[in-house]
Amino acid sequence: MRVIATAGHVDHGKSSLVLALTGTDPDRFEEEKRRGLTIDLGFAHTTLPSGESVSFVDVPGHVRFLRNMLAGVGAVDACLFVIAATEGWKPQSEEHLRILELLGIEHGLVALSKVDAVDDDLRDLAQLDVTEHVAGTFLAGAPIVPVSASTGEGLDRLRAALDDLVRSTPASADRGRPRLWVDRVFAAKGSGTVVTGTLTGGPLASGDRVVVGPRVLPARIRAIQSLNQAHETIGPGHRVALNLVGVDHADLARGDAVVEPGRWVPTVRVDASLAVLDALGHQVTRRGAYLAYIGSGEHPVRVRVLGGSGIRPGERGFVRLHLQEPVPLLPGDRFILRESGRQETVGGGAVLDVAPLRPASKMGSERWEDGPVERVVADRSWIRADDLEALTGERVPPSLGPWVVAPGAVQAMVDALASRVEAAGPLGLDVVSLDEREREVLALLPAVEVRAGRARPAGTDDPLADHPFLQALEDGGVTPPAADGVDRAELRELVRRGLVVERDGVYFAPSAIHAAARTAAALLAGAPGGFTVAALRDELGITRKHALPLVTELDARGITRRRGDLRIAGPRLPAP
Ligand SMILES: Nc1nc2c(ncn2[C@@H]2O[C@H](COP(=O)(O)OP(=O)(O)O)[C@@H](O)[C@H]2O)c(=O)[nH]1
Ligand SMILES: [Mg+2]
């Protein structure tokens with residue numbers, strides 16, 4: 001199964017060829033039929049002699065409907081490039097070829113159409129004309145098949161050539177990350193919202209939960225159709241219709257993406273390469289109103305040239321694009337840039353970074369050739385493997401706990417932590433004071449041991465730091481044991497050193513206070529108006545005997561504040 005887009009100048013016979021090949025008229029609308037002009041995308045499919053099926057996305061050739069052409073070619077595998085032998089190469093032949101190249105389409109074949117209307121000399125001339133124009137592009141060396149939709153001449157050869165094309169075009173890649181760029185939305189009688197599009201990136205199944213569009217509207221797939229047949233699951237590289245439950249068709253539009261929830265970082269700011277067309281008569285600068293065509297969508301963007309003020313025709317540079325609405329993108333996604341004022345295609349390129357950290361003014365010497373994973377990790381030093389995947393589409397095994405860490409960053413933290421432990425001496429470093437990453441690194445320190453919640457240089461002998469009561473308190477958590485039998489002088493010294501917290505005659509490990517603080521934060525997140533001692537007591541599953549001193553300690557630390565019978569947030573309340 002492959003999805004093939006038509007391309008070429010208006011009136012060169014694209015729609016007629018699709019009709020001749022498939023039996024379906026891709027001009028769906030009454031106005032299109034009446035005017036004999038494709039305005040919007042058309043869809044049709046057929047089975048080739050080999051038994052392989054192909055879907056066609058038939059695009060308009062008229063320059064006025066270029067935006068619809070762009071919506072159709074964003075996700076296809078290959079193209080059927082149509083040139084009328086009667087007219088030869090025309091402006092939109094040229095523009096469509098440039099666009100297909102900028103979108104990274106690498107496979108296609110040429111149909112030399114309407115050969116019934118020319119003599120042999122003209123036919124040969126047209127063939128030569130095409131050969132010259134496609135030289136140096138992905139269509140160089142592609143078969144040029146003379147056909148006539150009117151007489152049927154050459155259609156069998158075209159079908160055979162399509163079979164060869166399908167065989168030599170790799171199947172749409174399955175990266176386990178489905179994304180459907182929506183090109184049609186409608187309400188189907190009895191079944192609700194239906195969206196159609198070309199599925200890429202991975203499979204979808206009925207029952208899957210998805211999110212749609214810039215507002216990330218949640219929906220569920222009730223049913224899937226492809227080539228008019230129902231499917232339980234469908235792989236990438238198919239024309240697909242999804243019946244969605246939970247969203248109104250009026251809230252969706254062409255250009256929206258259907259993706260799995262939580263696995264993408266919809267973005268309004270990307271860094272990208274931009275190849276400016278040779279034929280453009282001026283530099284591309286930040287001045288001007290631009291439209292970026294991404295997937296099936298048209299997005300107004302502001303353009304900022306990185307590391308310079310402009311990119312000249314025929315040159316390649318780097319830009320930051322600011323979108324108005326978030327789009328789920330990944331490095332490698334292609335786009336076409338048009339200037340909306342002058343209505344001209346400026347160029348196109350590939351997304352390089354979907355979450356750039358540095359301001360555009362500080363950009364210029366980026367090592368784009370390093371690839372997205374290396375750059376994202378280098379920019380952040382530490383990133384969770386899940387987040388890295390959402391930003392790059394690539395799953396990298398974590399280097400430490402859930403983290404993927406830049407080379408050298410672990411060692412730097414090992415060194416820093418080792419000196420902090422060293423500086424803390426026999427008292428030890430309170431493990432609660434470490435963040436999640438530092439705690440992962442702590443386990444790597446060879447000469448450090450953790451006892452009673454404190455990290456100390458191994459072998460440090462300090463009878464107080466090793467006091468059995470500390471371990472008992474640590475084990476007791478928010479219901480610590482009483483200090484019965486503990487030497488009073490030792491107890492005072494433990495409190496003085498901060499190893500034990502005393503409040504109203506009850507002794508706690510410092511970690512118990514932190515646990516109570518987190519619980520207080522969670523309670524306040526649910527009830528910002530405040531919570532009672534009884535609420536904290538119940539939440540921790542303890543008695544008033546421990547709850548009261550804990551709350552008093554929280555007040556004393558500014559974590560909470562008393563207001564009547566309630567505790568409200570204090571200045572030092574941690575995140576829940
Ligand atoms: N003589 C001749 N006319 C054709 C052929 N194919 C299409 N046409 C005519 O060319 C015009 C444009 O065809 P259409 O398929 O709409 O072109 P599109 O704009 O590229 O989709 C129509 O009037 C067709 O009847 C052909 O093979 N031979
Ligand atoms: Mg047409």
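Each ligand, and each atom within it, is numbered from 1 in the order the structure gives. The first residue of the sequence shown is numbered 1, and numbering continues consecutively from there. These numbers come from the heavy atoms of this one structure, side chains and all, not from hydrogens, waters or symmetry mates.
Ring centers of F335 and W181: at least 6.0 Å apart, outside the cut-off.
In this model, no donor atom of one side chain and acceptor atom of the other lie less than 3.5 Å apart for S15 and D25.
Here the straight-line distance linking atom CG of L139 with atom NE2 of H133 works out to 13.0 Å at 0.5 Å rounding.
Less than 4.0 angstrom separates some heavy atom of K14 from each of these atoms of ligand 1: 15 (O), 17 (O), 18 (P), 19 (O), 20 (O), 21 (O). Listed by number with element, the atoms of ligand 1 under 4.0 Å from a non-hydrogen atom of S148 are 27 (O). Every atom of ligand 1 with a heavy atom of H12 under 4.0 Å away is listed here by number and element: 17 (O), 18 (P), 20 (O). The distance from ligand 1 to the heavy atoms of D116 drops below 4.0 Å at these ligand atoms: 1 (N), 2 (C), 26 (C), 27 (O), 28 (N).
Not a single donor-acceptor pair under 3.5 Å links the side chain of T6 to the backbone N or O of L80.
Counting heavy atoms from C-beta on, the side chains of L97 and F138 come closer than 4.5 Å.
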For the pair H12 and E87, evaluate side chain to side chain donor-acceptor pair (under 3.5 Å) and give the outcome as yes or no after the intermediate values.
CA-CA 8 Å; H12 277 204; E87 293 200 321; 2.8 Å; yes
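Annotation: atom 2 (C) of ligand 1 to nearest protein heavy atom, S150 OG, 3.2 Å. At the shortest separation from atom 27 (O) of ligand 1 among protein heavy atoms lies A149 N, 2.8 Å. Looking from atom 17 (O) of ligand 1 to the surrounding protein, the closest heavy atom is G13 N, 3.0 Å.
When S16, A20, G36 are checked for heavy-atom proximity to atom 14 (P) of ligand 1, S16 turns out nearest. Comparing heavy-atom distances from atom 10 (O) of ligand 1 across K114, K33, E153 singles out K114 as nearest.
Scored by the ring pair (Phe, Tyr, Trp, His ring centres under 6.0 Å) test, W382 finds W403 as partners (sequence neighbours excluded).
With a heavy-atom cut-off of 4.0 Å, D11 touches ligand 1 through backbone and side chain alike.
On a distance-only criterion, V10 and ligand 1 share no N/O pair closer than 3.5 Å. Between S15 and ligand 1, at least one N/O pair is under 3.5 Å apart.
Around the Mg ion (ligand 2), the protein N, O or S atoms found under 2.8 Å comprise S15 OG, T38 OG1.
Taking a 6.0 Å sphere around CZ of R184, one finds it holds more than 12 heavy atoms contributed by other residues, nucleotides or ligands.
When each of T345, T137, L103, D278 is checked for a side chain to side chain contact (heavy atoms under 4.5 Å, CB included) with R98, only T137 meets the rule.
For E389 and R175, the salt-bridge test fails: no basic side-chain N is under 4.0 Å from an acidic carboxylate O. Under the 4.0 Å criterion applied to side-chain N and carboxylate O atoms, D40 and R254 are assigned as salt-bridge partners. A salt bridge is defined here as a Lys NZ or Arg NE, NH1 or NH2 lying under 4.0 Å from an Asp or Glu carboxylate O, and R395 with D386 meets this definition.
Protein heavy atoms are absent from the 4.0 Å sphere centred on atom 25 (O) of ligand 1.
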